[in-house]
Amino acid sequence: MRDKAIGDILVQPDALRRRVEELGGQITADYAGKDLLLVGVLKGAIFFLADVMRHIDVPCDLDFMAVSSYGSATDSSGVVRILKDLDAPLEGRDVLIVEDIVDSGLTLQYLLRNLGARDPASLEVCALLTKPTRRKVELHARYVGFEIPDRFVIGYGLDYNEKYRNLPYVAAMTDEAVAAAQDAT
Ligand code: IMP
Ligand code: MG
C-alpha cells in the first residue's frame with residue numbers, strides 16, 4: 001500500500017512472524033498445567049493475538065475488552081473508559097492481557113488494577129511493542145515483542161484514526177503526517 005503517512009518500516013513481516021512464534025513458545029512453557037485466559041485489548045491487539053495464539057500449545061480461553069483512553073490523536077491521557085467488558089469472571093484464572101503497544105503505560109496500569117481486583121490466580125502482560133522512553137508509570141510486562149523508539153507507529157493492528165491496521169508490517173508514521181495530526185487537535 002502506498003500512502004504519504006507510511007514512513008520507515010520498523011518491524012518487517014518476517015521479524016514479526018519469528019518473534020511471535022518465540023513468544024508463543026515461552027507462553028506455552030510458562031502456562032503448562034495452568035488455567036490460561038487470554039484477554040485481548042480491542043482493537044489494536046487482534047492481529048498479534050490471533051498470530052501468537054496459534055503458537056500457544058496449551059489449553060486456553062479467549063476474551064476481549066475494549067477501552068478508550070481520552071487524549072489527543074497520538075497521546076493518551078490515562079483516563080480510561082471501558083467500552084466493552086469481559087464476558088466471564090476472572091476468579092482463579094491465569095490471566096494474560098494481550099496488548100498492541102505500551103506507550104505511557106497508563107492504559108495498562110488501569111487494566112492491571114481493574115482486572116487485578118477481580119481475583120485472578122495470576123495476571124501478566126504480553127505486549128507486541130514497547131516505547132520505553134515514553135513511559136509515565138512503572139509497569140512490568142512479562143512478554144514483550146520489540147522495543148521501538150519514540151515514534152508513532154501504524155500497521156499490524158495499530159491504527160491512526162482507525163486506518164492502517166491492515167499493513168503487514170509495523171511502520172513509523174511520517175513526520176508530515178504526525179504534524180498534520182497534531183494540527184488537527
Ligand atoms: P498508553 O496508555 O499511553 O500506554 O497507550 C496505549 C494505547 O495507545 C495503545 O493500546 C494504543 O492503542 C495507543 N498507542 C500508543 N502508541 C501508539 C502508536 O505509536 N501507534 C498507534 N497506537 C498507539
Ligand atoms: Mg488504539
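Each residue takes its place number in the sequence, starting with 1. Whatever order the structure lists ligands and atoms in, that order sets their numbers, starting from 1. Source: prediction; values computed, not measured.
- Counting heavy atoms under 4.0 Å from ligand 1, residue Asp100 touches it through the side chain alone.
- Contact check on Arg118 versus Asp85 returns a salt bridge, with a Lys/Arg side-chain nitrogen under 4.0 Å from an Asp/Glu carboxylate oxygen.
- Linking Ile, Leu, Val, Met, Phe, Trp and Tyr whenever their side-chain heavy atoms come within less than 4.5 Å leaves Val95 and Leu62 in two separate clusters.
- Taking a cut-off of under 4.0 Å to the non-hydrogen atoms of Thr107, the atoms of ligand 1 that pass are 1 (P), 2 (O), 5 (O), 6 (C).
- Side-chain atoms of Lys4 do not come within 3.5 Å of backbone N or O of Ala177 as any donor-acceptor pair.
- Between Asp3 and Lys163 there is no salt bridge, since no side-chain nitrogen of the basic residue lies less than 4.0 Å from a carboxylate oxygen of the acidic one.
- Salt bridge annotation for Arg165-Glu162: present, with a cationic side-chain nitrogen under 4.0 angstrom from a carboxylate oxygen.
- Contacts of Asp103 with ligand 1, taken as heavy-atom pairs under 4.0 Å, involve both backbone and side chain.
- In Lys131, the part holding a heavy atom less than 4.0 Å from any atom of ligand 1 is the side chain.
- Considering backbone and side-chain N/O of Leu108, none are found under 3.5 Å from N/O of ligand 1.
- The aromatic rings of Phe152 and Tyr160 sit perpendicular, their planes meeting at an angle over 60°, well past the 30° parallel limit.
- Proximity of Val41 to ligand 1 is not established, as no heavy-atom distance is less than 4.0 Å.
- For the pair Val153 and ligand 1, the shortest N or O to N or O distance falls below 3.5 Å.
- Residue contact check for ligand 1: Ser69 places no non-hydrogen atom closer than 4.0 Å to it.
- Every atom of ligand 1 is numbered from 1 in the order shown, and the set under 4.0 Å from a heavy atom of Leu158 is 20 (N), 21 (C), 22 (N).
- Ion pairing between Glu22 and Arg19 holds under the 4.0 Å rule for side-chain N and carboxylate O.
- Close contacts of ligand 1 with Ser104, meaning ligand atoms under 4.0 Å from a residue heavy atom, involve 1 (P), 2 (O), 3 (O), 4 (O).
- Distances shorter than 4.0 angstrom do not occur between any heavy atom of Arg134 and any atom of ligand 1.
- Contact annotation for Glu99 and ligand 1: only side-chain heavy atoms (C-beta onward) come within less than 4.0 Å of the ligand.
- Note that the CD1 atom of Ile148 and the CG atom of Leu128 stand 8.5 Å from one another [nearest 0.5 Å].
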